[in-house]
Amino acid sequence: MKKTLSIMLALLLVFGVLFMAACKKTESGDTQDEGDQQSQGGTDLSSLAGTYDITVWVSELDGVKELTEQQIDAFEAANPGIVINATVEGVSEGESATQMITSVEDGADIFCFAQDQLARLVMAGALNMLGEATSATVTELNDAGAVAAASVGGSLYCFPLTSDNGYFMFYDKSVISEDHIDSLEDIIADCEAAGRMFSMELEGSAWYNAGFFFATGCESTWTTDLDGNFTNVTDTFNSDAGLVALKGMQIILKSSAYNNSSAHADFAAAIPSAVVISGTWGTSIAQEALGENFAAADLPSFTVDGQTYHIGSFSGNKLLGVKPQTDATKAAVLQQLALYLTNEECQLQRFESFGWGPSNLSAQQNETVQNDIALSALAEQSAFAIPQGQIHGSWWDIAKVYATSAKTATTDDELWAALSQYESAIQGLFTMSEEVLNAFTVIGDINGDGWTQDLPMVQQDDGSWITTEAYELVAGNEFKVRQGLSWDVAYGTDGNNYVVETAGTYFIKLTIEGEVGTVELVPAD
């Protein structure tokens, strides 16, 4: 899922990675060399013949698992003698990194993840650095931004999968005229006049609302030590520029057209949206709902006190990583398979099936890709986008609260109070006690809360954790148990949220055995 890695972090990562690479050279060098020799030898991988049992984690979106299985079959067909017994599982790009870091040994052999997780994965030893020849191939085939996103300290650690992890504006052109798409105020007026909604997930996601702060020149730059621990943040949200950002946000928040959502399905809702701020992953849903009125553009500008600001955004890439292996031949096969899964043909297949934007340069030149309305809008927005980097896991919860405050605020003093509270909260992340850092809490849509409040847990004599009180849960409630008020260590069900099946009053319990955490509901009776 940002321009948030500072120069200091970049330097730290350079020296840290070079140090780790030197320490691991003997073990990793053989693996990388074997894979490279096959790359230099063309498509003949006969020396790697054998049967390999592997686990692959891909996006949980419908159809991705099945397409990946077909692509693995195609790799086998192109390389007789190599048999891949692959277990392909759907795991979100953010959750896969957390699971890999929690237990590299139990993690997937090949896994997809968002670029902001790269530094954490490298520090955890969860990625096998690409060899020299493979790195040269990946660099030649993919756009520079994607190659940079897959690199740490000048070395490639994974394979670019997409160049499309950002957001822009989908809209109904029968409601929003082309003359208005550059003005947030005009767009809101069009929505209100038509009795249609403007969907933007301002209160539910810092990923979206941060775009207003980027528009006014604010930054939130996080630094870590060589162990990946956050040591400092340079954040200018609590500033005059931040005040302007919240006033711009209020143009949407205080409108009768405002809908706190990023769902493409909003175009077909009971009260349909005329605008949805989201990304390429739901393009087909928006197209089906809008038909000939489907359109997309970069984000608009807003005006505060006579000055105009273009709404910014986060940008990023999906990446494909290979876990280090003790078997050098298997490692070489995994490297070749990852190279295949990210080649021009496979990226075009994902574009055709899911609308994912290719990082492969040849795929980007494909006529159909270049004529894609959504990807063209994303490309326009890229000029105002901030690359997504490493951010403290608790920031995402802290940074979405000021939007709700801005929604109800009627004075500048109230907006300043929201910004001050935000700054205090992020600075407090560096002064948390060991007790808080090690404790587990529950967060979710319990008691009507929208994932903003952590519910306390206490540790029992057997080492398990349980909530301090029982909660009345309804079927469909979702939550997770997390440690240290962050998402670095979090448990639900199979990497996803825990979903309540049967209504009742329950304590929530977490049992950890080794690296595996099990969440369960304990009836209060």
Side-chain angles (χ1 to χ4, degrees), residues 2-4 167-169 182-189 191-192 197-222 233-262 275-278 298-314 381 384-386 388 391-392 394-429 450-453:
K2 303 169 185 177
K3 189 182 178 181
T4 48
Y167 49 93
F168 49 94
M169 182 174 69
D182 292 328
S183 167
L184 178 61
E185 290 84 353
D186 287 344
I187 292 170
I188 290 292
C191 290
E192 291 176 346
M197 306 304 291
F198 183 107
S199 291
M200 186 172 188
E201 199 173 349
L202 293 174
E203 295 175 274
S205 173
W207 195 60
Y208 287 101
N209 68 41
F212 281 85
F213 290 88
F214 298 153
T216 62
C218 294
E219 67 165 321
S220 188
T221 303
W222 298 78
V233 61
T234 301
D235 188 289
T236 60
F237 281 26
N238 186 19
S239 63
D240 290 338
L243 183 69
V244 173
L246 287 187
K247 287 183 176 181
M249 211 179 296
Q250 284 184 318
I251 298 169
I252 301 174
L253 290 167
K254 292 185 176 295
S255 170
S256 60
Y258 168 58
N259 181 35
N260 182 39
S261 172
S262 58
V275 172
V276 174
I277 307 301
S278 196
D298 61 325
L299 297 176
S301 298
F302 62 91
T303 301
V304 173
D305 297 331
Q307 186 167 345
T308 298
Y309 308 85
H310 190 288
I311 301 175
S313 60
F314 279 124
Q381 180 61 27
F384 308 95
I386 303 298
Q388 183 174 330
I391 294 179
H392 195 290
S394 292
W395 182 85
W396 302 102
D397 296 318
I398 295 170
K400 66 185 181 184
V401 175
Y402 49 60
T404 299
S405 299
K407 184 178 181 180
T408 58
T410 58
T411 66
D412 283 3
D413 286 343
E414 290 174 328
L415 293 177
W416 278 118
L419 292 172
S420 178
Q421 183 177 6
Y422 159 81
E423 183 177 22
S424 296
I426 62 171
Q427 293 298 337
L429 296 175
W451 295 82
T452 62
Q453 181 179 358

A side-chain contact here means heavy atoms from C-beta on lying under 4.5 Å apart; do [X] and [Y] qualify?
X: Ile188; Y: Tyr258; value: no
X: Ile251; Y: Phe198; value: no
X: Leu415; Y: Lys247; value: yes
X: Gln250; Y: Phe212; value: no
X: His392; Y: Ile426; value: no
X: Phe302; Y: Thr216; value: yes

Whether [X] side chain and [Y] backbone form a donor-acceptor pair below 3.5 Å:
X: Ser278; Y: Ser262; answer: yes
X: Asp235; Y: Phe237; answer: yes
X: Asn259; Y: Met197; answer: no
X: Lys254; Y: Lys407; answer: yes

**Asked** How far apart are the C-alpha atoms of Tyr309 and Phe214, what are their side-chain angles, what is the distance that settles it, and do they pass the side chain to side chain contact (heavy atoms under 4.5 Å, CB included) test?
**Response** CA-CA 9 Å; Tyr309 308 85; Phe214 298 153; over 6 Å; no
**Asked** Going through the checks in order, is the side chain to side chain contact (heavy atoms under 4.5 Å, CB included) test met by Ile187 and Met169?
**Response** CA-CA 11 Å; Ile187 292 170; Met169 182 174 69; 3.7 Å; yes
**From CG (Leu184) to CD1 (Ile311), nearest 0.5 Å** =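 So the gap between those two atoms works out to 5.0 Å.
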**Request:** Taking all heavy atoms of Tyr167 and all of Gly211, pick out the closest pair and write down the distance.
**Result:**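 For Tyr167 versus Gly211, the nearest heavy atoms are OH-N, 3.9 Å.
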**Message:** Show, in sequence, the C-alpha distance, side-chain angles and deciding distance for Gln427 and Val233, and conclude whether the side chain to side chain contact (heavy atoms under 4.5 Å, CB included) test is met.
**Reply:** CA-CA 8 Å; Gln427 293 298 337; Val233 61; 3.9 Å; yes
**Item:** Side-chain donor-acceptor contact under 3.5 Å, Glu219 with Thr236
**Value:**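 No.
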**Message:** Using the rule given for side chain to side chain contact (heavy atoms under 4.5 Å, CB included), can you reason through Asp298 versus His310, listing the C-alpha separation, both sets of side-chain angles and the distance that settles it, and then say yes or no?
**Reply:** CA-CA 10 Å; Asp298 61 325; His310 190 288; 3.0 Å; yes
